[in-house]
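Residue numbers begin at 1 in each chain, while the letters A, B, ... track the order of the sequences.
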2 protein chains.
Amino acid sequence: MQTGMRTDTSPTLADKLATAIADGILNGTLPPGERLDEVGLAEQHGVSRTPVREALRQLAMSGLIDMRPRKGAIVSKATPEEIESLFVAMAEMEATCARLAAMSMTPIERRRLQARHESMVALAAAGETEAYSDANVAFHSAIYAGAHNAPLAEYAMSLRRRVGPFRRAQFRMDGRLLRSNQEHDAVVRAILTGDAAGAHAAMIHHVSLVEDAFEAFAAINAA
Amino acid sequence: MQTGMRTDTSPTLADKLATAIADGILNGTLPPGERLDEVGLAEQHGVSRTPVREALRQLAMSGLIDMRPRKGAIVSKATPEEIESLFVAMAEMEATCARLAAMSMTPIERRRLQARHESMVALAAAGETEAYSDANVAFHSAIYAGAHNAPLAEYAMSLRRRVGPFRRAQFRMDGRLLRSNQEHDAVVRAILTGDAAGAHAAMIHHVSLVEDAFEAFAAINAA
DNA sequence: GGGGACAAAATTGCATACAATTGAGGCGGG
DNA sequence: CCCGCCTCAATTGTATGCAATTTTGTCCCC
């Protein structure tokens with residue numbers, strides 16, 4: 001799903017293309033720096049250039065791709081500094097959502113968050129990386145939703161997507177799963193007790209460690 | 001300027017149209033709910049529908065307009081709850097930027113912020129609404145920039161634009177200028193002393209009052 | 001062998017043309 | 001008088017065609 005995307009009653013070709021291309025970027029088929037040729041994409045999807053151009057423009061606004069007039073589009077390829085900024089921004093957004101969630105989640109939402117978290121304990125212990133990763137996204141999304149603020153939640157999700165291409169395989173690093181789960185525990189406890197400041201701090205801490213993991217990963221790959 | 005807009009080397013027609021339409025929305029020429037007819041806009045600007053459509057898609061992603069497949073585009077017309085969410089989101093973003101600015105502004109940036117603030121004291125005292133309003137935007141922009149985080153700064157600015165259509169004439173309310181200036185003083189003091197938590201709190205307080213002003217304004221207009 | 005100018009190919013930007021869906025208005029039946 | 005259906009105009013979605021700029025490849029000269 002795409003941030004701020006048009007409400008989809010019978011999605012248009014351009015919309016479908018936008019999600020298709022975004023998927024390609026997120027799952028690594030289209031790596032950062034890859035050139036996005038209009039006719040190529042058009043032929044590849046069996047459509048004309050017109051909807052392709054509209055899809056590209058939409059993706060450009062989301063930050064997933066870069067367009068330069070008369071130069072074409074490429075998958076966004078950020079410098080280490082820009083990637084760092086993205087991670088910091090994501091940490092701040094997640095922390096803000098966590099703080100708001102601590103203040104405004106309904107009792108039902110709190111119970112569900114706790115249940116979700118507890119179910120992840122088992123996954124972490126069993127080392128089920130893939131299932132944990134999926135559950136992790138759902139966990140964070142639940143916190144976005146708990147903030148009860150659509151613009152913030154959407155932007156947080158958009159940032160999560162945007163850093164996606166740069167954080168592949170993060171969970172494969174030693175002990176990430178168990179550690180992530182412990183940090184979730186701190187976040188959940190703070191939210192459940194309505195400790196806004198604590199939720200903020202715990203979430204910043206959690207997401208910052210993800211960033212550290214990325215940096216370690218990047219360092220390994222650079223070597 | 002448009003958030004996440006393509007880097008402009010010889011802007012394309014679609015880009016120029018996007019800013020033109022955005023200007024129309026922001027200055028009230030195109031009020032919320034106004035229908036954005038493609039052929040109308042095309043004739044009005046002397047271009048074909050193609051660049052108009054691309055501009056609209058761009059604006060849709062920014063949240064300034066709403067598009068529904070085969071139904072056309074309208075200037076975003078939010079419910080009171082959605083407007084409330086926008087104001088809350090803006091307050092949170094501004095506060096986050098203020099906190100980061102308190103932590104990471106350079107000495108030069110701090111001095112400039114202080115100078116800018118002091119120059120606004122005179123404007124507030126003299127009741128120069130228009131000049132103060134311009135300076136106010138620059139003041140907040142300086143804090144965004146001081147956060148040293150492009151994604152957060154851009155999103156904060158984008159939210160500021162997005163609430164624009166709903167906060168017209170806010171400064172005309174009694175005593176807003178002086179009060180705004182006093183609140184700025186608290187924000188600036190916190191930032192200059194590196195008081196991150198204080199900067200956050202002061203900014204939330206400041207922007208929340210703007211929201212209250214809006215609500216009062218909306219209440220008057222509804223009556 | 002290296003570098004620069006020119007030409008051709010490729011690619012983007014814009015316009016026009018066509019198709020398809022929506023919404024409105026009219027018409028007839030109840 | 002009201003309701004449903006049908007038809008048609010209006011509007012959006014998509015394709016194609018053309019113009020302009022960028023890029024690439026080649027040739028010539030140094």
The side chain of A/Val47 lies closest to which of these nucleotides: D/dA15, D/dT11, D/dT14?
-> D/dA15
Figure out the CG/P separation between B/Leu41 and C/dC14, and round it to whole Å.
-> 16 Å
Trace of the side chain to side chain contact (heavy atoms under 4.5 Å, CB included) decision for B/Phe87 with B/Ser208 | CA-CA 8 Å; B/Phe87 273 104; B/Ser208 296; over 6 Å; no
Phosphate-side-chain proximity, B/Lys71 and C/dT21, N/O vs OP1/OP2 below 4.0 Å | no
Nucleotide C/dA10, atom C1' - distance to CZ of A/Arg35 in whole Å | 9 Å
A/Leu36 CG - C/dA10 P separation (whole Å) = 20 Å
Between A/Arg110 and A/Ala102, is there a donor-acceptor pair closer than 3.5 Å when you use the side chain of the first and the backbone of the second?
-> yes
When you get a sec, tell me which of C/dC14, D/dA15, C/dG13 is the closest nucleotide to the side chain of A/Thr50?
-> D/dA15
Would you check if there is a donor-acceptor pair between the side chains of B/Glu154 and B/Tyr144 at a distance under 3.5 Å?
-> no
Per atom distances to the A/Ser48 side chain, the nearest of D/dA15, D/dG13, C/dT11 is D/dA15
Starting from P on C/dT11, measure out to CE on A/Met67 and report it in whole angstrom.
-> 15 Å
Between C/dC14 atom C1' and B/Leu17 atom CG, what is the distance in whole Å?
-> 11 Å
Spacing of B/Asp15 atom CG relative to C/dC14 atom P, expressed in whole Å = 8 Å
B/Leu13 side-chain proximity, nearest of C/dT11, C/dA15, D/dT14 = C/dA15
Check the distance between D/dT14's C1' and B/Glu54's CD and give it to me in whole angstrom.
-> 13 Å
Which of the following nucleotides, C/dA15, C/dT12, D/dT14, is nearest to the side chain of A/Arg53?
-> C/dT12
Where does the angle between the aromatic ring planes of B/His140 and B/His184 fall among parallel (under 30°), tilted (30 to 60°) and perpendicular (over 60°)?
-> perpendicular
D/dT12, C/dA15, C/dG13: which one has an atom nearest the side-chain heavy atoms of B/Asp37?
-> D/dT12
Starting at NZ of A/Lys16 and ending at C1' of D/dT14, how long is that distance when rounded to a whole Å?
-> 12 Å
salt_bridge(A/Lys77, A/Glu34) N-O dist < 4.0 Å = no
Given C/dA15, D/dT11, D/dG13, the nucleotide with the shortest approach to the side chain of B/Arg49 = D/dG13
